[in-house]
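In this text the structure is predicted, and so the values were computed from the model without any measurement. Lettering follows sequence order; numbering is per chain, from 1. Just the heavy atoms: all of them, side chains too, but no hydrogens, waters or symmetry mates, feed the values below.
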There are 2 protein chains.
Amino acid sequence: MATIRDVAREAAVGVGTVSRVLSGSPQVAPETRARVQATIERLGYRPSPLGRALARGRSQTLEVIVPLFTRYFYVEVLRGIEVALADTDYALVIRTIERPADRDRAFADPGSRGRAEGVLIVSLTPTAELLARLAATALPAVLVNNVHPALPSVALDHEAAAALAVQHLVRLGHRRIALVDHLEDPFAPSSPSGRRCGYRATLARAGLELRPEYERVTDFSPEAGMAALDALLALPQPPTAVFAGSDTQAVGVLEAARRRGVAVPDDLALVGYNDIEMAGYLGLTTIRVPMRELGRLGVQQLLLAFETPERAAGQIRLEPELIVRHTCGAVQAAAR
Amino acid sequence: MATIRDVAREAAVGVGTVSRVLSGSPQVAPETRARVQATIERLGYRPSPLGRALARGRSQTLEVIVPLFTRYFYVEVLRGIEVALADTDYALVIRTIERPADRDRAFADPGSRGRAEGVLIVSLTPTAELLARLAATALPAVLVNNVHPALPSVALDHEAAAALAVQHLVRLGHRRIALVDHLEDPFAPSSPSGRRCGYRATLARAGLELRPEYERVTDFSPEAGMAALDALLALPQPPTAVFAGSDTQAVGVLEAARRRGVAVPDDLALVGYNDIEMAGYLGLTTIRVPMRELGRLGVQQLLLAFETPERAAGQIRLEPELIVRHTCGAVQAAAR
DNA sequence: TTGTAGGCGTTATCAG
DNA sequence: CTGATAACGCCTACAA
């Protein structure tokens, strides 16, 4: 590999001049610049990110810490991040979290000891330790799909989203609406889901009774969704509509209904969450979560934090959108 | 951030000694070591990966280039890689490929100009340019889920896998077996799928007729699977069994059958590929692809290449496994 | 406008 | 066993 010194020697200039050409400094004579450029081309020289990082004190690398629970969601967010980074010179190092130990390790060392100059934390609740480390190292960090007063964030307004979904079901005439939700961050079971708040608030606003037995919190799998519907249908007063906290769970609800001969949407209306690929294909009415947008804006926030660290942390809230397909029954109702 | 010099000063030793303690060199007096260790703890010192990388000439970073087509597959492979790396000090930088331009950019600069000391290339066919770059930079690379004579690789034997699946259907009495496949690498449409070879070979061995109209190559979506089955059922002699090249497509086949009132497995037997999460839940008979294992072994190969670059490139082939559930009809047949 | 020298944080070599 | 000191590849004053 050619170094900056090789280029300097070949072009008969000092390394400083080569460096200036590299950084596009205006203070270099056009002809010198041309000569250096030519030498760079000829040698196929590419500056070493390592040397540069050390000298500049900036590694040009971002770290993203992301759980593995909802694969589709996470890949989409990641892709949003990548696209936003494509124009820049930043590299992306990624740490996936599957078990509590993974999370603890990642949180104990955000930025991987200086390897990254900023961190994107996706769908994970910051611990006290993480906050302390971030503060101690002055490492810029942005929360994606989560909120915390101490950190900038990009998140969907889950409460508003739930309100949208539940309101839609109420308008369609449903009065017994169940919730099949999951924990946003399985490692932080205590934090109440924004969706649940929105669900309850909307029912209350509509003058509908809150029934604890209608609120099911399960994990992400379709199986869990199936089990949840089975339990709900076994109730003395089964719900006529279900709002699922993820499309994956909604898929399970759909399958359970099919197996029990419960017609969707006639006997049971269903609204999902996220709008994954399969939702369109199943005709699932759902809340569209702009997953790539979350990633893109997260990067934007982080890059902004680099430039003006003194500015107050921004909290970006994305507005949800309801995608009406046919599992909610609205299309059929309109046709009547 | 404390540097090695701070530690040296505080512990009243030279930086060399601190470095030796860090690397666990035996040539340091126990009491000196203890003193240095204590100082390290007290200062909370962590060596900078950047400085270390520069001095050692090794960045302790691996790059993985991976397409986005099958999300589940790719996340699992990635996780296998991460788990294998958890014990080491390696970081993982990832480049996701969605469009040809993404691939070209990644292939034009494998290792991101020295940022990574090795590359894992997942499900992507190396181009001549990539091979040239790898050779020019002497960058170790390992192919995952793909094979090339010039590079070490870890791959499933797709041909054997297809044979397993088709043979199973033949044994169950099927004589009209269709294939709903996809391209392993959509950017390299020319390369024939190993699955198709296995499919044809097995049919031939069983003395069954090869029907070109039974071979459908589509993309990964369930929609494509649905369309493929629709086309197959419209044939004068529709197949009685389908072997799908991915579970995602199999899901579409399943749904299309349901919509047309074709009973699975009684009227149509189905075998998928990959064994994604949803396969178990749908009762889909399928080929289990050890996705995490692919990632884990890829890392192992790469680390091995670091140590002994002179050794010939290893080609690891993983053996496929058939998971019998109920869409193939074997369970029902056994019960009779 | 350009070259030189010092420094970024580490490792490795080489005397002592 | 240990302490200087020279790399590693680059950037950035500072001086010319």
Side-chain angles (χ1 to χ4, degrees), chain A residues 1-37 39-40 43-61 89 91 109 111-117 137-138, chain B residues 1-37 39-40 43-61 89-91 111-117 137-138:
Chain A
M1 271 293 86
T3 78
I4 197 173
R5 258 184 283 269
D6 298 327
V7 176
R9 181 166 23 77
E10 289 287 313
V13 297
V15 291
T17 302
V18 179
S19 180
R20 276 183 285 265
V21 170
L22 249 30
S23 58
S25 158
Q27 343 199 38
V28 43
E31 56 183 36
T32 312
R33 171 185 305 278
R35 185 153 40 94
V36 172
Q37 279 291 15
T39 314
I40 288 177
L43 265 45
Y45 165 76
R46 308 287 260 144
S48 152
L50 254 57
R52 182 170 280 186
L54 201 53
R56 293 216 267 233
R58 308 192 299 128
S59 61
Q60 293 274 100
T61 297
D89 247 334
D109 176 32
S112 305
R113 284 175 269 159
R115 228 180 306 228
E117 43 174 316
T137 52
Chain B
M1 273 291 87
T3 79
I4 199 172
R5 258 185 281 270
D6 298 327
V7 176
R9 182 165 23 78
E10 289 287 313
V13 296
V15 292
T17 302
V18 179
S19 180
R20 276 184 287 265
V21 170
L22 249 31
S23 59
S25 158
Q27 343 199 40
V28 44
E31 57 183 37
T32 312
R33 172 186 304 278
R35 186 153 39 95
V36 172
Q37 279 290 14
T39 313
I40 288 176
L43 266 46
Y45 165 76
R46 308 286 258 144
S48 150
L50 255 55
R52 182 170 280 186
L54 197 54
R56 291 215 269 234
R58 308 193 296 128
S59 62
Q60 295 273 102
T61 296
D89 247 336
Y90 279 88
S112 305
R113 284 176 269 158
R115 219 164 334 210
E117 42 174 315
T137 52

- Can you check the R9(A) CZ to dT2(C) C1' distance for me, whole Å?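 Rounded to the whole Å, the gap is 19 Å.
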
- Message: Would you say that R115(A) contacts T61(A) through its side chain, given a criterion of any heavy-atom pair below 4.5 Å between the two side chains?
- Response: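 Side-chain contact under 4.5 Å: no.
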
- From CZ (R56(B)) to OG (S23(B)), nearest 0.5 Å: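 It is 8.0 Å, given to the nearest 0.5 Å.
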
- Message: Return the OG to OH distance between S59(B) and Y90(B), rounded to the nearest 0.5 Å.
- Response: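 Atom-to-atom, S59(B):OG and Y90(B):OH are 7.5 Å apart.
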
- Could you tell me whether a side-chain N or O of R20(B) sits under 3.5 Å from a main-chain N or O of R33(B), the two making a donor and an acceptor?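 No, the answer is negative, given that no donor and acceptor are paired below the 3.5 Å cut-off.
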
- Closest-nucleotide 5' rank along DNA chain D - winner of L54(B) and V28(B):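 The residue whose closest nucleotide sits nearer the 5' end is V28(B).
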
- Of R5(B) and A12(B), the one whose closest DNA chain D nucleotide lies more 5':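 With R5(B) and A12(B) compared, the 5'-side residue is A12(B).
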
- Task: Apply the side-chain contact (heavy atoms from CB on, under 4.5 Å) test between V36(A) and each candidate in V13(A), L22(A), V28(A); give the one that qualifies.
- Result: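 Running side-chain contact (heavy atoms from CB on, under 4.5 Å) over V13(A), L22(A), V28(A) with V36(A) returns exactly one hit, V13(A).
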
- Item | Which atom of E117(A) lies closest to which atom of Q60(A), heavy atoms considered |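 Minimum heavy-atom contact is OE2-N, 2.6 Å.
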
- Query: If an axis is fit to five pairs at each end of the helix from dT1(C)-dA16(D) to dG16(C)-dC1(D), what is the angle between the two, to the nearest 10°?
  - Reply: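 The helix from dT1(C)-dA16(D) to dG16(C)-dC1(D) shows an end-to-end axis angle of 50°.
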
- Could you give the start and end, 5' to 3', of the contact zone on DNA chain D for chain B, using atoms under 4.0 Å from its heavy atoms?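 Taking any atom under 4.0 Å from a heavy atom of chain B, the span is dC1(D) to dG9(D).
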
Atom pairs, protein N/O to nucleotides 11-13 of chain C N/O, distance under 3.5 Å:
{"residue": "dT11(C)", "atom": "OP1", "partner": "R52(B)", "partner atom": "NE", "Å": "2.8"}
{"residue": "dT11(C)", "atom": "OP1", "partner": "R52(B)", "partner atom": "NH2", "Å": "2.9"}
{"residue": "dT11(C)", "atom": "OP2", "partner": "S19(B)", "partner atom": "OG", "Å": "2.9"}

Determine all donor-acceptor pairs shorter than 3.5 Å in which one atom belongs to a side chain in residues 44-52 of chain B; sequence neighbours excluded.
{"residue": "S48(B)", "atom": "OG", "partner": "L50(B)", "partner atom": "N", "Å": "3.1"}
{"residue": "S48(B)", "atom": "OG", "partner": "G51(B)", "partner atom": "N", "Å": "3.1"}

All N/O donor-acceptor pairs, side-chain side in residues 3-11 of chain B, below 3.5 Å, sequence neighbours left out:
{"residue": "T3(B)", "atom": "OG1", "partner": "R5(B)", "partner atom": "N", "Å": "3.1"}
{"residue": "T3(B)", "atom": "OG1", "partner": "D6(B)", "partner atom": "N", "Å": "3.4"}
{"residue": "D6(B)", "atom": "OD1", "partner": "R9(B)", "partner atom": "NH2", "Å": "2.7"}
{"residue": "D6(B)", "atom": "OD2", "partner": "T3(B)", "partner atom": "N", "Å": "2.8"}
{"residue": "E10(B)", "atom": "OE1", "partner": "R42(B)", "partner atom": "NH2", "Å": "3.1"}

- Query: With sequence neighbours excluded, what pairs up with R113(A) under the salt bridge (charged side-chain N to carboxylate O under 4.0 Å, His left out) test?
  - Reply: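 R113(A) satisfies salt bridge (charged side-chain N to carboxylate O under 4.0 Å, His left out) with D109(A), D89(B) only.
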
